[in-house]
Amino acid sequence: MKKRLLLSLLTVWVALTFTFVLVRQMPGDVLHTLALQLQNTHGLAYAQAREMAKLQICYDPDEPIFSQYCTYLSNLAHANLGRSTTYRIPVTQILASALPWTVFITFLSAGFSFALGVTLGFWTAWRRGTWLDPALTFYATLTQAIPDFLLGVMLLLVLGVQLQWLPLRGAYSAETDPGFNLPFLVSLGQHAILPVLAFSIPAIGSWALSAKATATSVLGEDYLQVARAKGLKPWRILRDYLGRNAIVPLISSLATNLGALLGGSMLIETLFGFPGLGYFLAQSIGTRDYPLMQGLFLLSTLAIVAGNLSAEWLSRRIDPRSRR
Amino acid sequence: MKRAGWAVLLTFILLALLGPMLIELDGTAHYEERFAAVSWKHWLGTDYAGRDVWAQLVHGSRDIMLIAFSTGAFAVLLALLIGVGSALAGGALDALLVGAIDVFLTVPSFPLMAILSALFRVGNPITFGLLLALWSWPGLARSLRAQVQVLQHREFMEVARLMRMGPWHILWGEIFPNLVPYLSLNFILIARNAITASVGIMMLGLVPLRVENWGMMLNLAAFQSGALFLPQGRLYLLAPLSAIVIFQYSLILVASSLEEYFDPRLRRG
Amino acid sequence: MLSIRNLSIDYELPGAPLSVLRDVTLDFPQGQVTALIGESGSGKTTLTGAVLGLLSSNARVRGGQVLWKEENLLRQDPERLRQFRWRQASVVFQAAQGAWNPSLTIGAQMLDTCLDHGFPAHAQRREQLLKQVRLTPERVISAYPHQLSGGMRQRALIALALMLEPELLILDEPTTALDLITQSYIFDILSEIHQTGLTMILVTHDLAAVARLADRVAVLYAGTLVELDTAQEIFENPRHPYTQVLIRSAPGVHGGEVARGAEGLPPDLRDRPRGCIFASRCKEVEERCRAASPPLENGVACWRRK
């Protein structure tokens, strides 16, 4: 655990330094471009615009590099990530508004695909040798071949454009009033279906395959034979003897997976116009919005690191064998 | 099924090699032929500017193959260098490289690929491949390191050492042949992931490659030209999409047939 | 109470089926301990599997009956077999190989058995049984399997087997992989249980266990019952050539004389010989032994002992 923690810190530091170097090494003078932009929009003198630009992207090339680095770190420590050059509001504000959307869609998709995939995988292992087995393998390889965003395109085309069953873009309808009321919640659900499906359809297959593998190894254990000899009801064997033991390694991969997803999927969120972290990351790269890009990149690194750490922690926590 | 995978892959490679010589790509716009339907003249219809979709697909296949296979080649090379080097070096260098592998495995690779390829304005497929490879090697490097560590303690290595073979001879003569199956399998897998990543980045419009590139076609069809919403534009959207899916599926089949070929335990009946 | 009639079982394998049990007829009288002995692969486990309805999926019953008080268990539906298991016949498994579910406490695994059999789940009975096998209930009930020693797990398994007051107890290698002191401790406990008049089947290849517990001994060789007699007769006067080899190869039974086991390999069960199953390794083999298989008469299946 100590080693993991150290590694996580190292990773975060590398990510920090990477974004620091990135802004300074970019082809084209980032500061100059922004200053010119500000000069035009605010009608300032160039020198004034340049000072303002420095503040906005937290970057002052006139200082020595080491002191720049210190300022950068201290700004981060104070949660000052600068201002987005396109949206002209503090980056932290954008992060705070986008994060809940990504968390919403990610937890929904991961929870849905995990629950369905694992049940399917356990069931297939339990009913060995039935048609389920080859069907599952075929489903999993086929969906693996389709990148999730292309699947999103197909879903959008069929369910959104062709059949017009589901809304095409956004997180909720503009006609509804955000809050705890039925029309809003319904619209929220309708808008979530397509992205959740795009995430889940391939994920269900891969969860099912790994669940089948762990369940098959648990089925070979002696305590399963004992459970049958005890005359337990099948559902109890499936739940308490097979499920409980086979799910341990899967839960920690779920944590890792969640961490990776929490960075936001640039493609799916962009495709469905879903205002999460990935959407803004894709936007910020397209518009060369360095402060926003930096903030989002750091956040997704943190999410991955947190996912890995909690996977480690969970696998220790839920495995009774580690309790002494 | 496995044979079909090889056949499809070969077809794609031939298409990329010979296709552009046989089929002419007319890059000029013919707005009067916008989103034309399938015909003898236009096998897959035309795009928003009246350009032939089939010709674009054929000419664009080269870029996709170049990106996929150059990523595969660069990443395998990097992984070999770092994984094998780390195992053979041992000591502090090994610890350092293992740390690097772990960090590279953890940082979000797709955003990084997207950021770097967009900001450096990657303009040709091979550079793009190199850029993707920079973030595709660590998994392979880690397992190569583990395998070489095992191989080092095998008997034939002891024999080679006793016969006073030089380290290069040991590396090329003894270690490398044992890794070939694994390397070829991973080459395919990395190439497959590179397709997903590169198409994704292009679809976001972050890398300005030629319009006939499949990823660019998708970007134009889905986000720029409104083909997604026009019934007559469907083909323009679905042609590159299907091509990518079929190509990926053939790579998966090829990978699993390689796996079976190298690991007889997996061979069935 | 339990009787097995002409039971033959094959395992379906690619190629030819493997004949693991051939025409076995065996009674288990009330209140007695019957030991099943034989080398691994002799069909002991398949026999108990057939009693409990827990044969692996590729097993095919070729003929015969397993009669539990006039009820042929081989013809019962899965639900009846489920109810039969543990309530009427339970098993003391080998604890060494993870017979306990690592994710549930010992107490929970004793209770779930009661729940699924609609057996009044007395916490009191659980405690009393654990005391009977000389465990501290407070400590064991809330413990996970890995927190107990091998000997404790084995004793808890005995308590588990008695939970539903079964009429038949199958002991499946109950002392394998335990140290000698623990073994003798377990034997003491099992002897006490034997005193209560419970019918038991002891499956083992450990002759010391047979000597300590068994009233009767059934000797299986390659799926055929070759000898059936009282434990005393088997040890003092083994009649079948295979039994003789088996008894004499055990260290310490005959004045420390360690004899070699039977030479040669057991027959190929995919292609059973026409004659006596032991003929290929028997030192006293004759012409008629290879011609026809001897029936079990007066407790021994051998042409020369008739």
Side-chain angles (χ1 to χ4, degrees), chain A residues 118 121-134 211-212 214-254 313-324, chain C residues 45 48-49 51-58 78-106 108-119 142-147 153 156-157 160-161 163-164 166 169-170 172-173:
Chain A
V118 167
F122 283 177
W123 192 251
T124 313
W126 179 249
R127 298 244 160 261
R128 235 173 322 190
T130 56
W131 59 270
L132 263 172
D133 216 332
K212 193 187 100 184
T214 54
T216 306
S217 78
V218 170
L219 277 170
E221 298 281 346
D222 282 356
Y223 53 81
L224 251 107
Q225 188 68 7
V226 175
R228 285 195 200 98
K230 285 206 297 187
L232 296 181
K233 290 182 177 157
W235 66 266
R236 189 191 295 280
I237 301 180
L238 197 61
R239 192 191 61 187
D240 286 359
Y241 287 73
L242 180 61
R244 254 174 193 267
N245 291 293
I247 210 157
V248 171
L250 296 173
I251 293 226
S252 58
S253 21
L254 176 65
W313 179 79
L314 264 174
S315 69
R316 276 151 201 272
R317 195 69 229 301
I318 52 180
D319 188 353
R321 271 161 289 197
S322 59
R323 271 179 236 159
R324 283 279 155 196
Chain C
T45 315
T48 54
V51 172
L52 293 168
L54 284 177
L55 292 168
S56 58
S57 57
N58 62 339
E79 178 56 19
R80 163 67 189 127
L81 284 175
R82 182 187 77 72
Q83 286 166 6
F84 168 79
R85 292 199 281 269
W86 227 257
R87 179 69 188 88
Q88 275 147 330
S90 69
V91 190
V92 175
F93 285 96
Q94 228 177 299
Q97 294 172 354
W100 290 101
N101 179 350
S103 314
L104 292 177
T105 60
I106 301 286
Q109 292 183 63
M110 296 179 81
L111 226 52
D112 63 11
T113 322
C114 296
L115 289 173
D116 278 3
H117 285 275
F119 197 80
S142 59
Y144 285 95
H146 71 273
Q147 293 165 324
R153 283 200 291 259
L157 271 178
L160 176 69
M163 208 49 204
L164 305 183
L169 190 63
I170 297 171
D172 187 3
E173 305 279 6

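Predicted model, so just to flag it, every value in this text is computed and none were measured. Order of the sequence lines sets the chain letters (A, B, ...), proteins ahead of strands, with each chain counted from 1.
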Exercise. What residue, out of Asp112(C), Leu115(C), Leu164(C), has the most heavy-atom pairs lying under 4.5 Å from chain A?
Worked result: Asp112(C)
Exercise. Can a salt bridge be assigned to the pair Asp116(C) and Lys230(A) using a cut-off of 4.0 Å between side-chain N and carboxylate O?
Worked result: no
Exercise. Between Tyr223(A) and Pro102(C), which heavy-atom pair has the shortest distance, and what is it?
Worked result: CE2-CD, 3.2 Å
For this session: Go through the steps to decide whether Trp100(C) and Val226(A) satisfy the test side-chain contact (heavy atoms from CB on, under 4.5 Å), and finish with yes or no.
Result: CA-CA 8 Å; Trp100(C) 290 101; Val226(A) 175; over 6 Å; no
Exercise. With only heavy atoms counted, which part of Glu79(C) is less than 4.5 Å from chain A, the side chain, the backbone, both or neither?
Worked result: neither
Problem set entry | Structural part of Leu160(C) lying under 4.5 Å from a heavy atom of chain A | side chain
Seminar exercise, completed: Among Arg128(A), Gln225(A), Arg244(A), the residue with the most heavy-atom pairs under 4.5 Å to chain C is Arg244(A)
Exercise. How many angstroms lie between CG in Asn245(A) and CG in Leu104(C), if you round to the nearest 0.5 Å?
Worked result: 7.5 Å
Exercise. Which pair of non-hydrogen atoms, one from Thr113(C) and one from Leu232(A), has the smallest distance, and what is that distance?
Worked result: CA-CD2, 3.8 Å
Exercise. Of the backbone (N, CA, C, O) and the side chain (C-beta and beyond), which part of Leu54(C) lies under 4.5 Å from a heavy atom of chain A, both, or neither?
Worked result: both
Seminar exercise, completed: Scanning both residues in full, the closest heavy-atom pair of Ala229(A) with Arg85(C) reads O-CB, 3.1 Å
